[in-house]
There are 2 protein chains.
Amino acid sequence: MGVRAQQKEKTRRALVDAAFNQLSAERSFSSLSLREVAREAGIAPTSFYRHFKDMNELGLTMVDEGGLTLRQMMRKGRQRAEAGGSVIRISVDTFIEVLESNPNVFRILLHERSGTSAAFRAAVEREIEHFISELAHYTEAQANRTPDLARAQAEALVILVFNAGASALDLKRSERKALADQLVLQLRMVATGAEALQQKMDNRT
Amino acid sequence: MGVRAQQKEKTRRALVDAAFNQLSAERSFSSLSLREVAREAGIAPTSFYRHFKDMNELGLTMVDEGGLTLRQMMRKGRQRAEAGGSVIRISVDTFIEVLESNPNVFRILLHERSGTSAAFRAAVEREIEHFISELAHYTEAQANRTPDLARAQAEALVILVFNAGASALDLKRSERKALADQLVLQLRMVATGAEALQQKMDNRT
DNA sequence: TAAATTAGCGTACAAATGTACGCTCAACTT
DNA sequence: AAGTTGAGCGTACATTTGTACGCTAATTTA
């Protein structure tokens, strides 16, 4: 890659990073202005357009990138689970860690999921869908579930985890422990219930 | 109430209604400006201050009012359930109806739950908490649950319902049917699972 | 009836925003 | 070596925003 393209990429990164850094509990993506982001990235407002058509395009990039980051981290965590122990417990702990080290990545997904732009909502759903289908396949194979039961179960699990994540963002570290415990309990409910429903269906034939 | 106070109340309502009416899939509360709301309500921008300190105060009013509306409608629906039939099924159907007739009320709760203002988030949580504790008490009495198991179960149920609501907002009427069915399945999972866990605990003593 | 209160208005202003336009100059192509 | 490209900049402008201030006129209070 030429010097020129390299520099361009660097600036582009600066923009994305600047936007991520400006996110916080008090600042959502949609409240960021193009000028603010450019300022933080150290370029002139008008130079922004050399990289993105508008703020929307930046945001979608962030959603995609953020989703990827999250999935990679979760996958890494799942490897730990293969060494033995409760899958649920380990997944929850991993998730909390991911959350703590990337709060802003999680924030944008969470907020834009119920956001004002259809494109954003779709992008977030797509990311969540990745989680769900990965998990559904896992359960289908592991626990011999009917596809649609596996699907419903996986979806319920993911939703519960995401929502707990949302609450966790506002909590102190000590309170998070209790939250994680309750989440584990809820996930077990779903898993146990799914198993019971599956049994009932199997016996009926 | 004097003529004067009556007129004031009327204008205040006009403001709240104007704000609710401007909400849509493409327009969140935080994207509304004070001037827009005033314009829609048919008063001068500066007159806004005769009723609310700022947009934030308006928003909090809307959250409180919206939560109240939702709870009243759900309560009315629960009466239908007492006539017999699956509590879960009837509650879900009621919820979908409520959603369809008050999409904007639901939207503001949903969006501000992950919003940018701590006050808003707290207000929404408070509303959701109402739902949860009502349901937890119901379950505790009805199904002899341990308090904390009842609590975890109720929370899981409410979260699943709310999330399905969020998805439903983006769906056509025909697709909502399938969504409702899956939701019912998920709720049954939680209920069944909670029951099984309860049994296990009981047997252990 | 006289005085006090106040909802609503119009004017005004500073601040911030998105973006059009044209320039520069370093990097790349031929 | 000569010519082309394009990232980044500065200037400029029309819009929109929140809100300060002071007035009016109708209602309420005394």
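Numbered from 1 within each chain, the chains take letters A, B, ... in sequence-line order.
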Look at A/Thr11 and D/dA7 and indicate whether a side-chain polar atom (N or O) is within less than 4.0 Å of OP1 or OP2. no
Taking N and O atoms by type only, does the side chain of B/Arg4 place a donor or acceptor under 3.5 Å from a partner on the base of D/dT29? no
How long is the line joining CD of B/Glu36 and P of D/dT19, in whole Å? 15 Å
Atom-pair distance (CD on B/Glu9; C1' on C/dT6), nearest Å: 16 Å
Return the value, rounded to whole Å, for the distance between atom CG of B/Leu15 and atom P of C/dA7. 13 Å
For C/dG8 and B/Gln7 - does any side-chain N or O of the residue sit under 4.0 Å from the phosphate oxygens OP1/OP2? yes
Check this for me: does the side-chain of B/Thr46 come within 3.5 Å of the base of C/dG10 through a donor and an acceptor? yes
May I ask you to decide whether B/Lys172 forms a salt bridge with B/Glu100, counting only side-chain N to carboxylate O separations under 4.0 Å? no
In whole Å, what is the span from the OH atom of B/Tyr49 to the P atom of D/dC21? 13 Å
Can you see whether A/Arg107 engages A/Asn102 through a side-chain donor-acceptor pair at a distance of less than 3.5 angstrom? no
Pairwise 5' ranking along DNA chain D for B/Lys53 and B/Val3, keeping only the more 5' one: B/Lys53
From the options D/dG22, C/dG18, D/dA20, select the nucleotide whose nearest atom is closest to the side chain of B/Arg50. D/dG22
Ignoring backbone atoms, test whether A/Arg39 places a side-chain nitrogen or oxygen under 4.0 Å from the OP1 or OP2 oxygen of C/dT17. yes
Length of the line joining B/Ile43:CD1 and D/dG18:P, which is rounded to integer Å: 13 Å
What is the distance from NZ of A/Lys10 to P of D/dA7, rounded to the nearest Å? 16 Å
Looking only at the side chains, is there a donor atom on one of B/Thr192 and B/Arg188 sitting less than 3.5 Å from an acceptor on the other? no
Presence of salt bridge, A/Arg4 and A/Glu9, under 4.0 angstrom: no
Expressed as a whole number of angstroms, how long is the span from A/Lys8:NZ to D/dG8:P? 8 Å
Does the side chain to side chain contact (heavy atoms under 4.5 Å, CB included) test come out yes or no for B/Leu157 and B/Ile132, once each step is laid out? CA-CA 8 Å; B/Leu157 293 173; B/Ile132 295 180; over 6 Å; no
Whole-Å distance between D/dT16 C1' and B/Met55 CE? 14 Å
Counting just side-chain N and O atoms, does A/Ser33 come under 4.0 Å of either OP1 or OP2 of C/dT17? yes
On DNA chain C, compare the nucleotides closest to B/Arg12 and B/Arg35; which residue's is nearer the 5' end? B/Arg12
